[in-house]
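In what follows, every chain begins at residue 1, and chains take the letters A, B, ... in the order their sequences are listed.
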Amino acid sequence: MPQLPSNPAEIKRILEAALLAAQQPLSVSELRQMFDGELAPEVVRKLLDELREEWSERTVELVQLATGWRFRTRTEYMPYLEALNPEKPPKYSRAVLETLSIIAYRQPVTRGDIEDIRGVTVATQVIKALEERGWVDVVGYRDTPGRPALFATTKKFLDDLGLRSLTELPPLEQLNQTLELSDAS
Amino acid sequence: MPQLPSNPAEIKRILEAALLAAQQPLSVSELRQMFDGELAPEVVRKLLDELREEWSERTVELVQLATGWRFRTRTEYMPYLEALNPEKPPKYSRAVLETLSIIAYRQPVTRGDIEDIRGVTVATQVIKALEERGWVDVVGYRDTPGRPALFATTKKFLDDLGLRSLTELPPLEQLNQTLELSDAS
Amino acid sequence: MSDTPVLDDIPAPQAAPAQEALARIYGQPLEQLPLDLYIPPDAMAVMLDAFEGPLDLLLYLIRKANVNVLDIPMAPLTLQYLEYVEAMRSQNMELAADYLVMAAMLIEIKSRMLLPRAKQAEEDEVEDPRAELVRRLIEYEQMKLAAVRLNEHPQAERDFVWVETWVEKSQMQRFPDVSVADLQQAWQSILRQAQLHTSHKVQREELSVREHMGLILRQLKEADGFVEFIHMFDVELGAPSVVVHFLAMLELARERLIRITQAEAFMPIYVRLAIADDAETPLTEEEAGQIVEIPAEEGEGDAPVTV
């Protein structure tokens with residue numbers, strides 16, 4: 001186990017190296033492993049905040065996600081990077097996106113719940129596409145006849161959208177207020 | 001296809017973003033693809049040289065390989081990254097362990113001594129592995145024909161095994177007894 | 001038969017407004033719906049693609065007419081909805097199934113609204129037959145908008161790439177862990193082997209002497225020449241250590257690994273590593289006369305280590 005450097009600047013560089021090389025987001029506790037747990041979580045968090053600040057004006061940015069911290073390229077460079085990578089991520093149909101929204105905002109939901117909201121049958125491949133992306137999974141079964149599977153979004157979904165938690169999802173349009181207002185009138 | 005920025009600094013930032021995000025080395029011609037080939041190879045090379053210089057003091061370095069350019073984590077951070085991803089540690093072969101134990105218990109010994117005890121030839125890489133580990137070294141040469149090197153264990157060996165001195169190794173007598181007992185049973 | 005106001009601006013499939021695209025199909029705006037009930041299969045496919053379902057179609061009709069969701073004119077809406085569904089049904093029964101369920105619901109709501117309301121019920125907040133439909137439309141529209149927002153949110157691989165700098169694994173040399181128990185086991189395995197081959201007798205050997213032999217050799221190697229005998233000892237380590245050190249030195253001398261020399265009696269004793277020259281270049285007569293070499297036991301130097 002390597003030594004804990006006495007110099008905070010050096011510790012920060014080690015955190016930076018680890019985060020730049022990581023294949024998945026690294027949590028504070030994972031980062032502390034590098035120093036045999038000898039570094040207090042608050043210190044790691046403080047250094048991470050400093051790192052985020054240091055990188056804020058650069059081509060890649062340090063973001064805090066659901067499962068930890070990770071560097072990512074700034075969105076403005078994507079048009080150029082796309083030219084390098086001919087493999088494009090899937091572009092989702094409205095059916096997939098609406099299903100994803102319902103799972104994200106109303107989770108946990110069954111396929112029946114999704115169908116009730118959308119007013120149409122949900123094709124198997126719609127849910128499958130989301131499961132294959134690792135964005136939704138089955139978190140349980142509702143205790144009703146047929147024991148339908150309950151779907152919820154995963155941490156990967158939050159990570160891939162750069163969110164720390166579901167509360168960071170874009171707020172829903174407050175359409176209900178209109179309803180209440182006009183009911184009152 | 002995005003526009004070629006007029007500002008060289010901006011082009012450099014795009015190259016940087018691409019190289020940081022790339023999963024494999026990027027050649028000059030691949031990098032030029034991002035600008036629809038409108039950027040002269042010499043310009044790309046010059047900017048890459050500048051980037052290498054800019055990153056020379058940082059946690060990752062830009063290196064030129066046979067197949068292209070790539071950011072690489074500096075070796076000094078490896079021990080920390082290793083602590084982050086504890087892989088299953090490799091194991092020494094029986095030959096290495098037996099050689100080590102002979103050197104530990106019978107030091108200083110020549111390769112011939114080890115071969116006599118083990119009854120088999122000791123491959124060069126066996127002793128080399130232990131020397132590279134810093135666990136054994138040559139402490140002298142026996143005054144016999146061929147002047148064979150005498151190997152002994154080092155202080156690092158004791159440190160790494162958590163011993164204060166060789167006397168803390170299990171006594172051979174005890175080992176022999178254990179052996180006899182287990183043979184008898 | 002309709003007692004609700006007719007909404008002229010709800011587009012019928014026969015007369016879709018040309019200004020605004022109904023949908024975009026493969027990037028091309030669909031500005032006009034087919035003009036009569038005969039819809040070419042391609043156009044029908046386009047139309048079915050344009051709506052995500054009956055709720056989507058209803059929302060479209062309502063928004064297009066710019067009427068309040070909370071006060072839906074059921075008769076014209078139902079009428080127009082049915083015209084669309086009829087067009088779809090003529091082409092694709094399976095897909096129209098969801099739409100037919102909704103059509104039935106609309107007709108039911110419309111008929112309930114036509115029923116005269118009891119006077120007393122009017123004061124008691126009778127539930128509007130449209131309430132459930134309105135609730136569903138609002139919830140669906142909320143999710144539909146959320147989907148658009150979600151899709152606009154930066155997404156990994158589409159809008160940004162994770163940074164994953166290369167770690168040259170080959171540089172990361174991992175060493176095996178070895179414990180005392182491993183050594184013990186290795187030794188036992190050597191003994192087993194030895195027992196199989198020979199009837200060697202394992203003798204007790206003072207390990208500490210062996211350790212000090214190594215220490216002395218290393219000490220001399222670092223000194224790279226003569227070291228005064230008394231400097232070879234660290235008295236602070238205590239008498240047992242000094243004794244063992246001395247025994248180790250004798251053992252080394254016996255094994256001809258070191259040379260211990262004294263120019264004459266009572267002069268300092270020097271210790272140095274045995275070097276190749278010792279054997280090949282004999283000392284000069286004078287040197288030989290002056291240097292008293294502490295003799296090593298002959299014939300033991302290359303004896304194999306007993307196991």
Side-chain angles (χ1 to χ4, degrees), chain A residues 17 19-25 59-63 70-75 77-78 81-82 85 87-102 104-106 114-121 156 159-163 169-176 178-179 181-183, chain C residues 23-24 48-59 68-71 94-99 101-102 105 125 127-128 131-169 172:
Chain A
L19 288 161
L20 282 169
Q23 306 193 355
Q24 64 285 315
T59 52
V60 298
E61 56 189 340
L62 182 58
V63 287
R70 197 168 188 188
F71 275 106
R72 69 178 193 194
T73 58
R74 302 180 75 86
T75 51
Y77 295 104
M78 204 56 200
L81 303 192
E82 271 170 1
N85 199 357
E87 210 176 299
K88 300 255 184 296
K91 202 167 177 296
Y92 293 121
S93 66
R94 264 185 66 191
V96 173
L97 286 169
E98 288 181 10
T99 301
L100 177 63
S101 285
I102 293 166
Y105 286 94
R106 296 277 184 258
I114 301 166
E115 290 177 341
D116 282 347
I117 294 174
R118 294 195 64 230
V120 283
T121 323
K156 186 180 191 301
D159 283 349
D160 281 358
L161 265 80
L163 305 171
L169 280 174
L172 288 177
E173 300 273 339
Q174 286 307 309
L175 300 167
N176 302 12
T178 330
L179 180 65
L181 282 173
S182 55
D183 266 1
Chain C
R24 282 183 178 271
L48 296 181
D49 274 353
F51 298 110
E52 278 299 313
L55 288 171
D56 198 25
L57 172 57
L58 277 177
L59 269 178
N68 191 341
V69 180
L70 303 170
D71 192 20
E94 200 191 353
L95 235 140
D98 287 322
Y99 290 87
V101 174
M102 178 59 72
M105 187 183 169
E125 293 255 8
E127 203 194 17
D128 192 312
E132 172 62 11
L133 177 66
V134 167
R135 187 196 63 75
R136 289 188 64 189
L137 283 169
I138 287 174
E139 178 158 37
Y140 175 66
E141 188 168 42
Q142 202 173 33
M143 286 303 144
K144 188 179 149 178
L145 291 170
V148 173
R149 291 281 192 80
L150 211 54
N151 197 38
E152 284 166 355
H153 205 87
Q155 213 179 76
E157 292 160 55
R158 190 191 66 184
D159 303 302
F160 60 84
V161 180
W162 299 117
V163 173
E164 199 181 311
T165 56
W166 180 40
V167 177
E168 208 172 353
K169 296 278 186 212
M172 237 186 346

Next on the checklist: Test your reading of the model: is there a side-chain donor-acceptor pair from C:Arg136 to the backbone of A:Asp116, 3.5 Å cut-off?
Outcome noted: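 The answer is yes, because a donor-acceptor pair under 3.5 Å joins these two groups.
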Check whether [X] gets within reach of chain C through its side chain, its backbone, both or neither, counting any heavy atom under 4.5 Å.
X	answer
A:Ile117	both
A:Val96	neither
A:Ala22	backbone

Is any side-chain heavy atom of [Y] closer than 4.5 Å to one of [X]?
X	Y	answer
A:Arg94	C:Lys144	yes
C:Leu150	A:Leu97	no
C:Asn151	A:Leu100	no
C:Trp162	A:Gln24	no

Item to check | A:Thr59, A:Leu20, A:Leu62 screened by side-chain contact (heavy atoms from CB on, under 4.5 Å) with C:Val163, the one that passes | outcome: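 Going through A:Thr59, A:Leu20, A:Leu62 one by one, the side-chain contact (heavy atoms from CB on, under 4.5 Å) with C:Val163 is satisfied by A:Leu20 alone.
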Checklist entry - Roughly how far apart are A:Met78 CE and C:Phe160 CZ, rounded to 0.5 Å? => result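 A:Met78 CE to C:Phe160 CZ: 9.0 Å, rounded to 0.5 Å.
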Next on the checklist: Using a 4.5 angstrom heavy-atom cutoff, name the option from C:Leu55, C:Val161, C:Val148 with the most pairs to chain A.
Outcome noted: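 That would be C:Val161.
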Next on the checklist: Tell me which of these, C:Glu164, C:Glu157, C:Met102, has more heavy-atom pairs under 4.5 Å with chain A than the rest.
Outcome noted: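 Option with the greatest count: C:Glu164.
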Item to check | C:Met143 vs A:Leu172, side chain to side chain contact (heavy atoms under 4.5 Å, CB included): CA-CA, chis, key distance, verdict | outcome: CA-CA 8 Å; C:Met143 286 303 144; A:Leu172 288 177; 4.1 Å; yes
Next on the checklist: Quick check on A:Lys88: does its NZ atom have over 12 non-hydrogen neighbours (other residues, nucleotides or ligands) under 6.0 Å away?
Outcome noted: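 Yes, the 6.0 Å shell around NZ holds more than 12 heavy atoms from other groups.
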Item to check | Derivation of the side chain to side chain contact (heavy atoms under 4.5 Å, CB included) call for A:Asp160 and C:Gln155 | outcome: CA-CA 6 Å; A:Asp160 281 358; C:Gln155 213 179 76; 5.5 Å; no
Checklist entry - So what's closer than 4.5 Å to chain A heavy atoms on C:Asp71: side chain, backbone, both or neither? => result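 Neither part.
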